[in-house]
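Structure first, commentary second.
The first residue of the sequence shown is numbered 1, and numbering continues consecutively from there.
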Amino acid sequence: MEETQVVIVGGGPAGLATAACLNRLSIHNIVLERDDCCASLWRKRAYDRLKLHLAKPYCQLPYMPFPHNAPTYISRLDFIAYLDNYMSCFGIEPRCCRSVERAWYDKVEGKWMVVVNNKGSGVEERYVCRYLVAATGENSEGFLPDVPGLKSFHGEVLHSSGYENGERFRGKDVLVVGCGNSGMEIAYDLSNYAANTSIVVRSPVHVLTKDIVRVGMFLLRYLPCKVVDPICINLAKMKYGNSSKYGIRRPKGGPFLIKAKTGRSPTIDVGCMNRIKKGEIKVLPSITCINEDHVRFAYGIVNYFDAIIFATGYKSTVLNWLEDEKGQFNEEDGFPKQRPPNHWKGEDGLYCAGFGKQGLLGISNDAQNIARDIATLAA
């Protein structure tokens with residue numbers, strides 16, 4: 001059994017940022033990562049053309065800005081290199097291949113007990129700590145919706161986390177389910193590889209360019225949402241016209257208001273909208289059922305597909321290992337019951353990093369808040 005001040009579960013950006021903030025304050029911590037590398041979502045489960053959708057000032061981790069000569073929008077490979085440099089700079093040495101099986105608060109000892117399976121050696125490890133940080137985040141496991149008849153589908157089914165590029169889908173009929181950033185970008189990538197691409201757009205969504213989002217985030221420093229949102233919506237109308245003509249309806253609320261209230265980000269267009277307007281990518285309504293290789297949609301539309309790619313997001317798995325006696329997490333989605341900006345702190349020394357639906361900027365804020373709080377309590 002090994003004792004430390006802080007155990008951080010998760011070696012993605014949230015866990016690394018928290019470890020860096022604690023290391024700067026000389027607070028001993030151990031980072032446990034279930035995969036064989038840190039930031040495995042970025043290294044193993046992200047498509048080739050992925051870039052950070054926000055400008056670099058909104059994506060940097062605490063105490064280490066991106067270099068001045070780095071591009072405004074950082075590529076996946078450059079972000080991985082940034083994370084490697086980040087670990088080296090702050091002396092972070094994660095313990096990989098550690099699957100946390102169980103963590104609970106011992107009321108008698110006043111400490112957290114963590115049971116870990118070392119997948120490399122097969123040995124069970126035990127850790128004791130005063131503070132426990134859940135940093136497995138929002139994107140721990142890909143979410144596949146329960147679609148009637150999906151198991152009967154004859155073609156290929158995969159989650160967006162398993163998509164690399166469109167090369168093997170060249171000339172095939174491919175359906176992308178989901179119109180968020182991943183869905184729209186994957187549809188665009190498939191089109192680049194000459195796949196016959198369709199995308200399901202079930203709900204209203206704001207589609208903006210990177211530059212519109214950048215302008216909006218700048219203006220939000222000085223102006224309220226109710227002023228910034230109409231500006232961004234009008235810019236989007238000037239760019240795309242009436243998008244409902246192509247099957248993409250705008251929500252009633254503004255993009256930044258929706259983000260603040262629900263955590264749902266606007267979709268950032270990388271070229272997909274132009275393909276949709278040209279008819280090169282077809283927009284379809286919600287799926288009602290699947291029968292072998294045919295997919296039935298709302299309004300009686302039926303189409304044949306060779307493959308379906310679900311860009312339907314991720315889910316939290318924190319309750320798979322955390323014994324949450326005080327009910328600090330929602331059972332439905334595994335997110336903290338406390339809403340931002342207070343979501344990062346629980347009871348009995350339990351903290352959450354990366355659960356605020358606020359991207360890398362939110363992760364940075366969580367990590368700094370957690371480290372400051374622990375430093376105050378441990379003083």
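Using a 4.0 Å cut-off between charged nitrogen and carboxylate oxygen, Glu2 and Arg126 do not count as a salt-bridge pair. Comment: Lys337 does not engage Glu331 in a salt bridge, judged by the lack of any side-chain N to carboxylate O separation of less than 4.0 angstrom. A salt bridge links Asp348 with Lys326: the distance from a Lys NZ or Arg NE/NH1/NH2 to an Asp or Glu carboxylate oxygen falls below 4.0 Å. Taking 4.0 Å as the cut-off between side-chain N and carboxylate O, Glu33 and Arg98 do not count as a salt-bridged pair. Using a 4.0 Å cut-off between charged nitrogen and carboxylate oxygen, Glu185 and Lys51 do not count as a salt-bridge pair.
Side-chain contact annotation: Thr209 with Asp211, donor-acceptor N/O pair under 3.5 Å absent. Neither side chain, Asn342 nor Arg339, offers a donor N or O lying under 3.5 Å from an acceptor on the other. Checked by atom type, the side-chain pair Arg95/Tyr127 shows a donor-acceptor distance below 3.5 Å. His28 and Asn23 share no side-chain donor-acceptor pair at under 3.5 Å. Judged purely by distance below 3.5 Å, without hydrogens or angles, the side chains of Arg102 and Asn320 never pair a donor atom with an acceptor atom. A donor atom on one side chain and an acceptor atom on the other are not found under 3.5 Å apart for Tyr188 and Asn274. For the residue pair Asn165 / Asp189, no side-chain donor-acceptor distance below 3.5 Å is found, with atom types taken as modelled.
Judged by the 6.0 Å distance and 45° axis criteria, Lys111 is not positioned over the aromatic ring of Tyr105. Relative to the ring axis of Phe335, Lys357 places its NZ or CZ within 45° and under 6.0 Å from the centre. With a 6.0 Å cutoff to the six-membered ring centre and a 45° limit on the axis angle, Arg24 counts as a cation-pi contact of Tyr63.
Residue Glu164 places its CD atom among 12 or fewer non-hydrogen atoms of other residues, nucleotides or ligands, all under 6.0 Å distant. Taking a 6.0 Å sphere around CZ of Arg170, one finds it holds more than 12 heavy atoms contributed by other residues, nucleotides or ligands. Atom CD of Glu124 has more than 12 heavy atoms from other residues, nucleotides or ligands within 6.0 Å. Under a cut-off of 6.0 angstrom, the local environment of NZ in Lys119 is crowded, with over 12 non-hydrogen atoms contributed by other residues, nucleotides or ligands. By the neighbour-count criterion of 12 heavy atoms within 6.0 Å, atom NZ of Lys44 is densely surrounded, having more than that number from other residues, nucleotides or ligands.
For Phe79, the ring-ring contact (aromatic ring centres under 6.0 Å, His included) criterion is met by Trp42, Tyr82, not counting sequence neighbours. Applying the salt bridge (charged side-chain N to carboxylate O under 4.0 Å, His left out) criterion to Asp84, with sequence neighbours excluded, gives Arg43.
Atoms CG and OG, on Asp173 and Ser198 in that order, are 7.5 Å from each other to the nearest 0.5 Å.
Residues Val6 and Val31 fall within the same hydrophobic cluster, defined by Ile, Leu, Val, Met, Phe, Trp and Tyr side chains chained together at heavy-atom separations under 4.5 Å. At a threshold of 4.5 Å between side-chain heavy atoms, the hydrophobic network of Ile, Leu, Val, Met, Phe, Trp and Tyr places Met238 and Val205 in two separate groups.
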Expected list for residues 283-299: side-chain donor-acceptor pairs under 3.5 angstrom, two or more places apart:
from   : atom 1 : to     : atom 2 : distance (Å)
Thr288 : OG1    : Arg296 : O      : 3.1

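Taking the six-membered ring where the residue is Trp, Tyr314 and His159 present perpendicular rings, their angle passing 60° and hence far from 30°.
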